[in-house]
2 protein chains.
Amino acid sequence: MNIDVSIDAAGPIAPEICPVRPLLDRMADKWSLLVIARLAEASGNRLRFSKLMRAVGGVSQRMLTTTLRNLERDGLVTREVFAEVPPRVEYELTERGKSFLIPVRTLIGWLEANWPDIQRSRELYDQND
Amino acid sequence: MNIDVSIDAAGPIAPEICPVRPLLDRMADKWSLLVIARLAEASGNRLRFSKLMRAVGGVSQRMLTTTLRNLERDGLVTREVFAEVPPRVEYELTERGKSFLIPVRTLIGWLEANWPDIQRSRELYDQND
DNA sequence: CCGAATCCAACTTGATACTG
DNA sequence: CAGTATCAAGTTGGATTCGG
């Protein structure tokens with residue numbers, strides 16, 4: 001997604017909305033949030049690849065790797081490789097990654113409070129037209 | 001996205017994460033958040049289609065329509081059609097839609113605080129390997 | 001065990017043209 | 001003005017295979 005909302009000639013963009021897209025791009029993919037959640041639960045906020053994969057459940061190797069690379073790139077997790085046989089790689093939530101959980105939980109709180117109503121709205125909307 | 005995280009045989013799913021996906025599916029699309037932001041700014045949290053389209057900027061008729069339908073379905077906006085010539089349709093943020101802005105702003109706050117660091121992390125990551 | 005590479009299906013979005 | 005219809009293009013995610 002490369003929408004440059006900051007140079008919109010048709011009108012000013014809400015400053016507080018504009019920079020949110022990059023974050024959404026990170027959160028919105030299929031696995032990032034689940035991965036962060038799993039790491040947050042783990043002791044030491046740390047899991048090796050295979051454990052993490054089973055903890056997340058349903059994720060392919062490809063997508064887990066991709067997701068972790070992106071999270072690492074953003075400084076939300078660290079990646080540590082151990083020179084062993086068989087190889088072992090551990091991922092750990094950084095402080096930034098942990099602090100990210102706070103706003104996420106706020107959002108989740110809103111969802112939990114509103115999700116039943118939203119579902120009702122959807123049913124109503126779908127059955128009417 | 002139809003991942004049923006609640007029946008993961010490999011382990012329990014964090015209850016606070018599980019129901020968040022439907023919300024992400026709404027937030028994560030390209031325009032929903034911008035549309036909500038534009039309506040929140042407008043007087044009476046209300047705009048007609050054409051005004052909204054120019055306010056958002058860069059959105060096609062097709063996507064704006066789709067986005068608004070989805071938001072309406074979730075009870076975040078209302079749609080009012082006026083029997084006039086030329087036709088006029090106005091969209092207004094509901095109370096639910098307005099309350100949604102609160103957690104979103106929390107998230108945005110985190111991003112604003114962390115975005116510079118994240119960008120630095122990315123640059124570092126990209127230039128190394 | 002971890003993950004890179006390849007191929008492919010599905011979904012999302014955009015451009016364009018047309019209508020009440 | 002406010003859509004709808006159709007088609008093209010880009011992006012994402014899953015399956016599979018292979019390598020260190």
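Every chain is numbered from 1, with letters handed out A, B, ... down the list of sequences. Because the structure is a prediction, the values reported are computed rather than measured.
Distance from the side chain of S50(A) is smallest for dC2(C) among the nucleotides dG3(D), dG3(C), dC2(C). Of the candidate nucleotides dA17(C), dG3(C), dT13(C), dA17(C) has the atom nearest to the side chain of Q61(B). Of the candidate nucleotides dC1(C), dT13(C), dA2(D), dT13(C) has the atom nearest to the side chain of K30(B).
Rounding to whole angstrom units, CG of residue L68(B) and C1' of dC1(D) are separated by 14 Å. Between the CG atom of L34(B) and the P atom of dT13(C) there is a distance of 13 Å, rounded to whole Å. Put simply, CG on D29(A) is 15 Å from P on dT12(C), counting in whole angstrom units. Atom CD in E90(B) sits about 14 Å away from atom P in dC1(D), given to the nearest Å. In this structure, Y91(B) atom OH and dG3(D) atom P are separated by 4 Å, rounded to whole Å. Taking atom CZ of R48(B) as the reference point, atom C1' of dA2(D) lies 9 Å away to the nearest angstrom. Residue L64(B) contributes atom CG, which lies 10 Å from atom P of dA2(D) at whole-angstrom precision. Atoms CZ (F49(B)) and C1' (dA2(D)) sit 6 Å apart, rounded to a whole Å.
The phosphate of dA4(C) has neither OP1 nor OP2 within less than 4.0 Å of any side-chain N or O from T65(A). Taking side-chain N and O atoms only, R54(A) has no distance below 4.0 Å to OP1 or OP2 of dC1(C). At dT13(C), none of the side-chain N or O atoms of T66(B) fall inside 4.0 Å of OP1 or OP2 (strictly under the cut-off).
Residues I118(B) and R96(A) are in side-chain contact: their nearest non-hydrogen atoms beyond the backbone lie under 4.5 Å apart. Taking 4.5 Å as the limit, some side-chain heavy atom of F100(B) sits within range of a side-chain heavy atom of L33(B). Looking at heavy atoms from C-beta onward, S32(A) lies in side-chain contact with T67(A) at the 4.5 angstrom threshold.
The two residues M53(B) and V59(B) have their closest heavy-atom pair at CE-O, 3.6 Å. Looking at every heavy atom in both residues, L39(A) comes nearest to Y91(A) through CD2-O, 3.5 Å.
For the atom pair CZ of R48(B) and CZ of R54(B), the computed distance is 9.0 Å after rounding to the nearest 0.5 Å.
Ionic pairing of R120(A) and E123(A) is not present here: no N-O contact between side-chain nitrogen and carboxylate oxygen is shorter than 4.0 angstrom.
With L93(B) as the fixed residue, the side chain to side chain contact (heavy atoms under 4.5 Å, CB included) test singles out one of L47(B), I36(B), V35(B): I36(B).
Where the helix from dC1(C)-dG20(D) to dG20(C)-dC1(D) starts and where it ends, the local axes point in directions that differ by 40°; five pairs per end, rounded to 10°.
If you check distances only, the side chain of R62(A) does reach the base of dG13(D) with a donor-acceptor pair under 3.5 Å.
Map S60(B) and V89(A) each onto its nearest nucleotide of DNA chain C; the residue landing nearer the 5' end is V89(A). Of the two residues near DNA chain D, P87(A) and M63(A), the one whose nearest nucleotide lies more 5' is M63(A).
Within the 4.0 angstrom heavy-atom criterion, no nucleotide atom of any strand lies near F82(A).
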